[in-house]
Amino acid sequence: MSVETAAPRITIAEAGKHVGETVSIPGWLYNLRRSGKICFPQLRDGTGVIQCVAVKSNLPEETFEALKNLTQESSLIVTGKLREESRAPGGYELDVEQAHIVQRVPEDDPYPITPKEHGTDFLMDHRHLWIRSRRQHAILRVRAEVIRAIRDYFDSNGFVLVDTPIFTPAACEGTTTLFEVDYFEDQKVYLTQSGQLYNEATAMAFGKTYCFGPTFRAEKSKTRRHLTEFWMVEPEMTYADLDDVKKVAEEMIVFCVRRVLDNRRAELKELDRDVSKLEAIQAPFHRMSYDDAVVKLQAKGSEIQWGGDFGNADETLLTEDLDRPVMVDRFPTGIKAFYFETDPNRPEVALGVDVIAPEGYGEIIGGGQRAHSLDVLLKRLEEHNLPKEAFDWYLDLRKYGAVPHGGFGMGVERFTAWMCGTEHIRETIAFPRMLYRTRP
RNA sequence: UCCUCAGUAGCUCAAUGGUAGAGCAUUCGGCUGUUAACCGAAGGGUUGUAGGUUCGAAUCCUACCUGAGGAGCCA
């Protein structure tokens, strides 16, 4: 059963197509300005905000009084005629003829988030309401666009979506950063930190696959770039080498940036995002070896030595003079996970690649070519002190038709933060999970 | 885990060791074109918690709690 309205029901986003018509719009009171015998309720409905005009002399007494004294975020259905209006924010205005108040927010317990400024702690405590605000609303719409673009890219380029489990029996890579969960019969399982090992199995079955879902990292990282629960897309390709991985990463990023620019212009404007920075994201990206990156960083004053991993400041330094992402490859084997293929000409470097976004957004993609020889993998497990038995099924992939293959993982929130130009990753997911925050 | 900063009205913030303040929000009054409207008035406080110094503490000291920023860690 659908909700009854006095006139044909439309959304605010559709207002332009109904100028001159009498329509009903269900929504919530975003803000209200009034002046004696006229008032301007601003209605939001999730698709936009529209200013309404209620004039005392044109309305029944109780309708005007109800509107004039309405409280912020009260739910209501307004009915009236739409017209273009240059004075109204948004360009269209609705002359109220009827108003049905669905639920009035009581004034002794008013909506806590006013149009004025608030602090981080307060807003995070009210995250369930904060997502109604224009800025948060815009960010989450960009996120949805990013996710849709990612899916479209892989779906239309021969990748098959095969999702991997969230409960996993052991570490994919390291061991210390896993959330442990009680399973039946005193068993322990862990929340996935990457679907990659399973992706390697599915890619051997389908050729090209990807998984896309939540990922969990029990790292005690307290930075503006870390969540304990985040969404990651991970493609995996067979008969592919490091260059193939880099090419797909580059193509996918350009595709997603284009989609955001094409479809979420209004949201980027709401966020005051400098879109020229995003227009500049074109192939080819900058390409650089780890060796050259270390030299460049040292020249810029970094303390980094060959063999060390980049810090946050290093990533920013590396891209500060660049207008598009940089792909850094061939990292020291020692700082990469056990499953990376090594360079046949230089066993001391791994065939991994990080894609580092400009403007200080840091690593958005990590990936590379996987070791595909059984002997190499066995040796590597030993070097990393990992139990061979836990990886028996994974090692099967090297016994039964091993081929060169590779892939990468991209964090959706970091990518969205980059698109939106947000300071902190916590705004790019509806209900962020962080080191010291799991509510609401 | 470490470093730094912060905690005062529902919110954002003021207040030389000496009477607890403003704006917004709420309530009441005014205004027929407002743009985070404006004008007038009212209500609203155990200054994060527990100790200590002092004639006197929001202010100084100690511990703890909470939060923020950063470091480390980080596929």
Side-chain angles (χ1 to χ4, degrees), chain A residues 30-42 49-59 64 68-69 71-73 85-91 93 95 105-126 129-130 133-135 171-178 192-197 199 215-228 230 232-234 303 308-315 331 335-340 350 352-355 362-368 407-411 414 423-424 426 434-437:
Chain A
Y30 190 74
N31 197 7
L32 174 69
R33 284 181 281 272
R34 60 186 182 191
S35 102
K37 299 186 179 64
I38 185 170
C39 71
F40 302 90
Q42 288 188 313
V49 179
I50 191 167
Q51 174 162 291
C52 305
V53 190
V55 179
K56 186 173 185 175
S57 54
N58 299 343
L59 286 170
F64 183 77
K68 199 182 92 176
N69 294 311
T71 42
Q72 194 189 355
E73 285 300 320
E85 171 59 70
S86 59
R87 286 173 295 187
E93 202 165 71
D95 288 314
V105 174
E107 51 274 286
D108 59 356
D109 188 10
Y111 186 70
I113 303 178
T114 67
K116 290 274 182 177
E117 49 190 340
H118 299 282
T120 304
D121 189 33
F122 178 80
L123 289 170
M124 289 305 298
D125 283 344
H126 294 85
L129 304 175
W130 190 22
S133 302
R134 287 185 176 196
R135 184 184 156 77
C172 275
E173 330 189 338
T175 44
T176 57
T177 59
L178 291 162
T192 181
Q193 58 178 349
S194 164
Q196 189 209 303
L197 302 190
N199 274 342
T215 304
F216 308 87
R217 303 277 167 95
E219 289 157 13
K220 293 209 162 182
S221 299
K222 189 171 152 37
T223 81
R224 65 184 69 183
R225 291 176 42 208
H226 285 84
L227 297 168
T228 52
F230 65 97
M232 184 156 72
V233 60
E234 297 176 274
E303 302 280 309
D309 214 344
F310 302 143
N312 205 344
D314 291 324
E315 291 184 349
F331 288 84
I335 57 171
K336 286 290 169 187
F338 75 92
Y339 50 72
F340 278 93
V353 59
D354 282 359
V355 181
E363 182 189 340
I364 50 170
I365 280 181
F408 62 83
M410 183 175 84
R414 283 190 187 176
E423 192 78 2
H424 201 298
R426 66 183 159 223
M434 294 176 295
L435 182 51
Y436 296 121
R437 195 180 283 277

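Just so we're clear, the structure is a prediction, and the values are computed from it rather than from any experiment. Each chain gets a letter, A, B and so on, in the order the sequences are listed, and its residues count up from 1.
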What does [X] touch in the nucleic acid at a heavy-atom separation under 4.0 angstrom: a base, only the sugar-phosphate, or nothing?
X      : value
A:D109 : nothing
A:R134 : nothing
A:Y436 : sugar-phosphate
A:H424 : sugar-phosphate
A:K56  : nothing

Could you please name the option among [options] that lies closest to any side-chain atom of [X]?
X      : options             : value
A:E107 : B:G69, B:U26, B:C73 : B:U26
A:R34  : B:C31, B:A36, B:C73 : B:C31
A:N312 : B:G67, B:G33, B:A71 : B:A71

* Asked: Roughly how far apart, to the nearest Å, are B:A57 and B:G48 at atom P?
  ->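 The answer is 15 Å between these two P atoms.
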* What interatomic distance, in whole Å, is found between C1' of B:U19 and the corresponding atom of B:A58? -> 14 Å
* Which one is paired to B:A36, where only Watson-Crick or G-U wobble pairs with both distances under 3.5 angstrom count? -> none
* What does B:C64 pair with, Watson-Crick or G-U, if both distances are under 3.5 Å? ->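 Per the H-bond distance test, B:G48.
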* Looking at CG of A:L32 and NZ of A:K68, how far apart are the two atoms once the value is rounded to the nearest 0.5 Å? -> 10.0 Å
* **Distance, nearest 0.5 Å, that separates CZ of A:R426 from CG of A:L123** =>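 So the CZ of A:R426 and the CG of A:L123 are separated by 9.0 Å.
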Calculate the interatomic distance between [X] atom [atom1] and [N] atom [atom2]; express it in whole Å.
X      : N     : atom1 : atom2 : answer
A:R225 : B:C74 : CZ    : C1'   : 9 Å
A:D309 : B:G72 : CG    : C1'   : 13 Å
A:D108 : B:C28 : CG    : P     : 12 Å
A:M434 : B:U66 : CE    : C1'   : 14 Å
A:F310 : B:C74 : CZ    : P     : 14 Å
A:L435 : B:A71 : CG    : C1'   : 13 Å
A:E73  : B:U26 : CD    : P     : 13 Å
A:E93  : B:U32 : CD    : P     : 17 Å

* Asked: Nearest heavy-atom pair of A:Y111 and A:V105: which atoms, and what distance?
  ->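 Looking at all heavy atoms of both residues, the shortest contact is N-CG1, 3.9 Å.
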* Asked: Of all heavy-atom pairs between A:Q193 and A:T177, which one has the smallest distance, and what is that distance?
  -> OE1-OG1, 3.1 Å
* Take A:K336 and A:D309 through the salt bridge (Lys or Arg N to Asp or Glu O under 4.0 Å) test and state the conclusion after the steps. => CA-CA 9 Å; A:K336 286 290 169 187; A:D309 214 344; 5.8 Å; no
Between the protein and nucleotides 6-11 of chain B, are there any N/O to N/O pairs under 3.5 Å, and if so, what are the atom names and distances?
| from | atom 1 | to | atom 2 | distance (Å) |
| --- | --- | --- | --- | --- |
| B:C11 | O2' | A:E117 | O | 3.3 |
| B:C11 | O2' | A:H118 | ND1 | 2.5 |

* Name the orientation class of the two ring planes belonging to A:F122 and A:H118 (parallel below 30°, tilted from 30 to 60°, perpendicular beyond 60°). =>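 Ring orientation, 0 to 90° scale: parallel.
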* Asked: Does the side chain to side chain contact (heavy atoms under 4.5 Å, CB included) test come out yes or no for A:I365 and A:R414, once each step is laid out?
  -> CA-CA 9 Å; A:I365 280 181; A:R414 283 190 187 176; over 6 Å; no
* To do: Starting from the 5' end of RNA chain B, give me the residue, A:K220 or A:S57, whose nearest nucleotide shows up first.
  => A:S57
* To do: By nearest nucleotide on RNA chain B, pick out whichever of A:Q72 and A:Q42 is the more 5' one.
  => A:Q72
* Are any of A:R87's side-chain N or O atoms less than 4.0 Å away from OP1 or OP2 of B:U32? -> no
* Is there a donor-acceptor contact under 3.5 Å linking the side chains of A:S194 and A:E234? ->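 There is such a pair (donor and acceptor under 3.5 Å, judged by atom type) between the side chains of A:S194 and A:E234.
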